[in-house]
Q: 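Sharing a structure below in structure tokens format, with a few things to ask.
Chain A is the first sequence line, chain B the second, and so forth, proteins listed ahead of strands; every chain is numbered from 1.
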Amino acid sequence: MYFCPPNRNIMIEKLLTQTIVRATAKLYGREVANELVQVQKTRPEFEGDFTVVVFPLLRLSHKSPEQTAEELGDFLVEHLVEVEAFNVIKGFLNLVIADAYWLDFFETAAGQAHFGFSEPGDSDPVVVEFSSPNTNKPLHLGHVRNILLGWSVSEILKSAGRKVVKVNLVNDRGIHICKSMLAWQKWGEGKTPEKAGMKGDKLVGDFYVKFDKEYKKEIETLIQQGLSKEEAAQQAPLLLEAKQMLRGWEEGDENVRKLWADMNGWVYDGFDVTYKRMGIEFDKTYYESDTYLLGKAIVEEGLEKGVFFKKEDGSVWCDLSDEGLDEKLLLRADGTSVYMTQDLGTAQLRYDDYHPSELVYVVGNEQNYHFDVLKLVLKKTGRLWAENIRHLSYGMVELPHGRMKSREGTVVDADDLMDEMFETARKTTEELGKFDDFSPEESKQLYHILSQGALKYFILKVDPKKNMTFNPEESIDFNGHTGPFIQYTHARIKSVLRKAAAAGIEIREVDKTAFSTEPKEKDLLRLLHEFPQILLQAAENMSPAMIANFVYELAREFNQFYHELPIAKEPDTQKRNFRLGLSAFVGTVIRSSMGLLGIQVPDRM
RNA sequence: GGUCUCGUAGCUCAGUUGGAUAGAGCAGCAGCCUUCUAAGCUGCGGGUCGCAGGUUCGAGUCCUGCCGGGAUCACCA
């Protein structure tokens, strides 16, 4: 399914670099180091395609920047057919690449269904963990960023030739779910998602909120009775009951386990609806109820090896002060696991399951410290593969007034948000008065594609590392630097191609010698030419934002081309064929780029 | 307090090993639909890149300090 010849744009940049190295040997008697040769894109305000920065070469030439540039320019024009002309401005050598090169690139690349994608290699897979929800509350905007990043990064890694396993680790046990269970027992009156007519995750989430409310009341009462705030929080009967329930769960109490299985089942049904709507699936789902006891063996092993130590109370620690960190608890005094213990175990499990070349964890940056520790602790036990753990640390989604807080009710619910986006898509489309001929099903499908595109693009266009702001007051835009703008560009291209086909125009071979490119055509070719590199960089940096920004630029560039030049209406047959082919090429790259972001593109909108 | 991180136009964001006069979108103003989809295109205004030093031929980008925001430093996950 994937095919792609060697990367041509990497090749020309390499070719230029190599030739400059040769030039310095010939002209100045000494070869310059490859790293000192800087070949970059020429800025749009200057004439040329690639620019060589000559300043680093002056130490060899012992001449002025201008003269050095002139000499190198002459050499390149003389030795490379691809270099047609050059100009020198302030020590920058701007090279004009021949039309033939660009048209040759067009000829070989335009027809490829997966232009820029690498063929899958034989290496061990990358395991990407993302989503990783708790089962006591519905998914919110923070999870949405996590899920979209995890999915997109997985697709991007695949496009770079890696095998990928998408995994989810569901936190299905613990005090949090017991709180929901207890609240359901006390005030649920036998409610189920079916009876209540609501999504299971919402129902369970409501009981979690209910618990919290009643718990707070109890704390209030206890404080009035003279207890300190902390004492009250510890001793409130509801909390004690929830803890009792957790013990029951761990001892395998049938009733508790039954209720637990039922309520988690409701939650999974709810999550599935949300995942499905987002177009997300996993290759494997792990459950903490299966893995929470893992990791103790690693702790034992570490004790034997003497890399961990036990305190008097029986708790086990790892001393990381050599690494600039402090001591880290690995096992409680009562022998029970902490978060770190489990994560040691699940990392091992995942390693055993897949022998991955890389273990990627899509987890918020508030856990940076945790992952530093995880790697160090694993390494202490001699697990060299810990080096392959990569924490894809992403920034929080903040509201204009700060972070989302569930107790202040400012959490943006994923389903609600998607509903609102869908409404916006419907209204916008209806206001524009397009496609009254669409069936209700077709319309619904279009609104779905547009709303998901708007939301996903809004989130993925931001550098994962950075915090981002979401303003719930303003609905996500459909104009400008947005998903729908790019989707629109695709639909526009398809429309032109449809009309051309309907008019009986066949796109035949283009005679490259019959015309020269217009500036807007070449701008597009140059951008398309960059795509393979962008993909590799996005994979290396695990950054969907790089692709998002690239495809936006491509769409913007296409729209300018579209306004400036006739495509199907161009009278010159060769030019017309070329422009149609170029448009189709842009459409393909838009589609595959957006696909890497998990965004579909419509043929009509 | 220690560690990490961020600070670019009114707002949301680009700016990939340091390279030319710092770019987009939104919002505002002014234009463009008898011509391939106006969810589009064109133009205008808007910046001491938090502040101060330093390294360099060259700094939004690297180093130091300061100011401001955030995260983290749990026998929580």
Q: What distance, rounded to whole Å, do you find between the two C1' atoms, one in C62(B) and one in C13(B)?
A: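 Those two atoms are separated by 24 Å.
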
Q: Using only side-chain N and O atoms of R492(A), determine if any of them is under 4.0 Å from OP1 or OP2 of A38(B).
A: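 For R492(A), the contact criterion (side-chain N or O under 4.0 Å from OP1 or OP2 of A38(B)) is met.
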
Q: Grab the CD-C1' distance between Q342(A) and A77(B) for me, whole Å please.
A: 8 Å

Q: Nearest-Å distance, NZ (K90(A)) to P (C57(B))?
A: 18 Å

Q: Closer than 4.0 Å, any side-chain N/O of K328(A) to the OP1 or OP2 of C75(B)?
A: no

Q: Please tell me which of the listed nucleotides, G19(B), G70(B), C75(B), lies nearest to the side chain of N467(A)?
A: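 When the side chain of N467(A) is considered, G70(B) is the closest of G19(B), G70(B), C75(B).
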
Q: Stacking between G19(B) and F55(A), yes or no? Criterion: centroid separation under 5.5 angstrom, plane angle under 30 degrees.
A: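 One would call F55(A) stacked on the G19(B) base.
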
Q: Taking only N and O in the side chain of N549(A), is any of them less than 4.0 Å away from OP1 or OP2 of C13(B)?
A: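 Checking N549(A) against C13(B): no side-chain N or O falls below 4.0 Å of OP1 or OP2.
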
Q: Does C29(B) have a Watson-Crick or wobble partner in any strand here, with both distances under 3.5 angstrom, and which is it?
A: G43(B)

Q: Return the value, rounded to whole Å, for the distance between atom CZ of R579(A) and atom C1' of C36(B).
A: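 Taking atom C1' of C36(B) as the reference, CZ of R579(A) is at 12 Å.
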
Q: Taking atom C1' in both U21(B) and C11(B), compute the distance separating them and give it to the nearest angstrom.
A: 26 Å

Q: With a 4.0 Å cut-off on heavy atoms, is T428(A) in touch with a base, just the backbone sugar-phosphate, or nothing at all?
A: base

Q: May I ask you to say what Q367(A) touches in the nucleic acid, namely base, sugar-phosphate or nothing, with a heavy-atom cut-off under 4.0 Å?
A: base

Q: Would you please confirm or rule out a distance under 4.0 Å between OP1 or OP2 of C76(B) and any side-chain N or O of R332(A)?
A: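 Answer yes for this pair, as a side-chain N or O of R332(A) is under 4.0 Å from OP1 or OP2.
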
Q: Report the nucleotide, chosen from A38(B), C75(B), G70(B), that has the shortest atom-to-atom distance to any side-chain atom of A333(A).
A: C75(B)

Q: Reckon P602(A) touches a base, only the sugar-phosphate, or nothing at all at heavy-atom distances under 4.0 Å?
A: nothing

Q: If pairing requires Watson-Crick or G-U wobble contacts with both distances under 3.5 Å, which nucleotide is the partner of A20(B)?
A: none

Q: Any side-chain N or O of Q560(A) below 4.0 angstrom from OP1/OP2 of U42(B)?
A: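 It does, given that an N or O in the side chain of Q560(A) lies less than 4.0 Å from OP1 or OP2 of U42(B).
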
Q: So which nucleotide does A71(B) pair with, by the Watson-Crick or G-U wobble rule with both distances under 3.5 Å?
A: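 In the structure as shown, A71(B) has U3(B) as its Watson-Crick or wobble partner.
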
Q: Got a donor-acceptor pair under 3.5 Å from the side chain of E366(A) to the base of U72(B)?
A: no

Q: Counting only side-chain N and O atoms of R403(A), is one of them less than 4.0 Å from OP1 or OP2 of A71(B)?
A: yes

Q: We want to know whether Y28(A) and H62(A) form a side-chain donor-acceptor pair, criterion being a heavy-atom distance below 3.5 angstrom.
A: no

Q: Could you check whether D334(A) gets within reach of a base, just the sugar-phosphate, or nothing at all, counting any heavy atom under 4.0 Å?
A: nothing

Q: Nearest to the side chain of R604(A), heavy atoms from C-beta on, is which of U37(B), C75(B), A20(B)?
A: U37(B)

Q: U17(B) and A59(B): how far apart are their C1' atoms, nearest whole angstrom?
A: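 That atom pair is separated by 15 Å.
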
Q: Across the strands shown, which category fits M546(A) at heavy-atom distances under 4.0 angstrom: base, sugar-phosphate, nothing?
A: nothing

Q: Atom CG of N479(A) and atom C1' of U12(B): how far apart are they, to the nearest Å?
A: 15 Å

Q: Given C41(B), G19(B), C36(B), which nucleotide is nearest the side-chain atoms of Y562(A)?
A: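 Closest of the options to the side chain of Y562(A): C36(B).
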
Q: NA contact type, V462(A), heavy-atom cut-off 4.0 Å: base, sugar-phosphate, or nothing?
A: sugar-phosphate

Q: Taking the minimum atom-to-atom distance to the side chain of T42(A), which one of C13(B), A77(B), A20(B) wins?
A: A20(B)

Q: Does the salt bridge (Lys or Arg N to Asp or Glu O under 4.0 Å) test come out yes or no for E430(A) and R426(A), once each step is laid out?
A: CA-CA 6 Å; E430(A) 282 175 1; R426(A) 188 182 62 74; 2.9 Å; yes

Q: Can T135(A) and N264(A) be counted as having a side-chain donor-acceptor contact under 3.5 angstrom?
A: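 Distance-only check passes for T135(A) and N264(A).
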
Q: Could you state the OH-P distance from Y394(A) to A71(B), rounded to the nearest angstrom?
A: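 Distance, rounded to whole Å: 15 Å.
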
Q: Does F478(A) reach a base, just sugar-phosphate, or nothing at all? Heavy atoms under 4.0 Å.
A: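 Base contact.
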
Q: Can you tell me, in whole Å, how much space there is between the C1' of U8(B) and that of G69(B)?
A: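 My reading of the C1' atoms in U8(B) and G69(B) gives 16 Å.
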
Q: With respect to Y552(A), which candidate in F485(A), F458(A), Y457(A) satisfies the ring pair (Phe, Tyr, Trp, His ring centres under 6.0 Å) definition?
A: F485(A)

Q: Syn versus anti for C33(B), judged by chi lying within 90° of 0?
A: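 Syn, angle within 90° of zero.
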
Q: Considering only the P atoms, how many Å lie between C44(B) and G18(B), rounded to the nearest integer?
A: 33 Å

Q: What integer distance in Å separates H563(A):NE2 from G31(B):C1'?
A: 14 Å

Q: Considering only C36(B), A77(B), A14(B), which nucleotide approaches the side chain of E288(A) most closely?
A: A77(B)

Q: Is C36(B) paired to anything, Watson-Crick or G-U wobble with both distances less than 3.5 Å, and if yes, which nucleotide?
A: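 Its partner is none (no Watson-Crick or G-U wobble pair with both distances under 3.5 Å).
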
Q: Could you state the NZ-P distance from K41(A) to G23(B), rounded to the nearest angstrom?
A: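 After rounding, the gap between these two atoms is 13 Å.
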
Q: Judged by modelled atom types alone, do R403(A) and N467(A) share a side-chain donor-acceptor pair under 3.5 Å?
A: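 No, no side-chain donor-acceptor contact under 3.5 Å.
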
Q: Between the base of A20(B) and the ring of F92(A) - centre-to-centre under 5.5 Å, planes within under 30° - is that a stack?
A: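 Stacking between F92(A) and A20(B): present.
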
Q: Classify T429(A) by what it touches in the nucleic acid, base, sugar-phosphate, or nothing, heavy-atom distance under 4.0 Å.
A: base

Q: Is it the case that T42(A) and D49(A) place a side-chain donor and acceptor less than 3.5 Å from each other?
A: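 No, because no side-chain N or O of T42(A) sits under 3.5 Å from a partner of the opposite role on D49(A).
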
Q: When you measure from the side chain of N171(A), which nucleotide among A39(B), A77(B), G19(B) comes out closest?
A: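 It is A77(B).
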
Q: Specify the separation, in whole Å, of atom CD of E557(A) and atom C1' of A24(B).
A: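 Those two atoms, CD and C1', are 13 Å apart.
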
Q: Is T51(A) near enough to G19(B) that one of its side-chain N or O atoms lies under 4.0 angstrom from OP1 or OP2?
A: no

Q: If you check every side-chain atom of Y488(A), which of A14(B), A38(B), G25(B) has the closest atom?
A: A38(B)

Q: Do you see a donor-acceptor pair shorter than 3.5 Å between the side chains of N368(A) and S393(A)?
A: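 Looking only at side-chain atoms, S393(A) and N368(A) do form a donor-acceptor pair, the distance falling under 3.5 Å.
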
Q: Applying the side chain to side chain contact (heavy atoms under 4.5 Å, CB included) criterion to L596(A), which one of V153(A), I156(A), L460(A) satisfies it?
A: I156(A)

Q: Quick check: on RNA chain B, is the nucleotide nearest K569(A) upstream (toward 5') of the one nearest I534(A), or the reverse? Name the residue that is more 5'.
A: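 First, find each residue's nearest nucleotide; the 5'-ward one identifies I534(A).
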
Q: Side chain of V496(A) only, heavy atoms from C-beta on: which candidate in A77(B), U37(B), A20(B) is closest?
A: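 Of A77(B), U37(B), A20(B), U37(B) is nearest to the side chain of V496(A).
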
Q: Among G25(B), C75(B), A39(B), which is the nearest nucleotide to the side chain of V338(A)?
A: C75(B)

Q: Taking for each residue the nucleotide of RNA chain B bearing the nearest heavy atom, is the 5' side occupied by N134(A) or by K499(A)?
A: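 Final value for this comparison: K499(A).
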
Q: Scan every strand shown for a Watson-Crick or G-U wobble partner of C62(B), both distances under 3.5 Å, and answer none if you come up empty.
A: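 Pairing partner: G54(B).
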
Q: So, is R43(A) close to the G23(B) phosphate, meaning a side-chain N or O under 4.0 Å from OP1 or OP2?
A: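 Looking at the OP1 and OP2 atoms of G23(B), one of them is under 4.0 Å from a side-chain N or O of R43(A).
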
Q: So, T489(A) versus N559(A): side-chain donor-acceptor pair below 3.5 Å or not?
A: yes

Q: Looking only at non-hydrogen atoms, find the nearest pair between C318(A) and L330(A) and report the distance.
A: CB-CD1, 3.8 Å

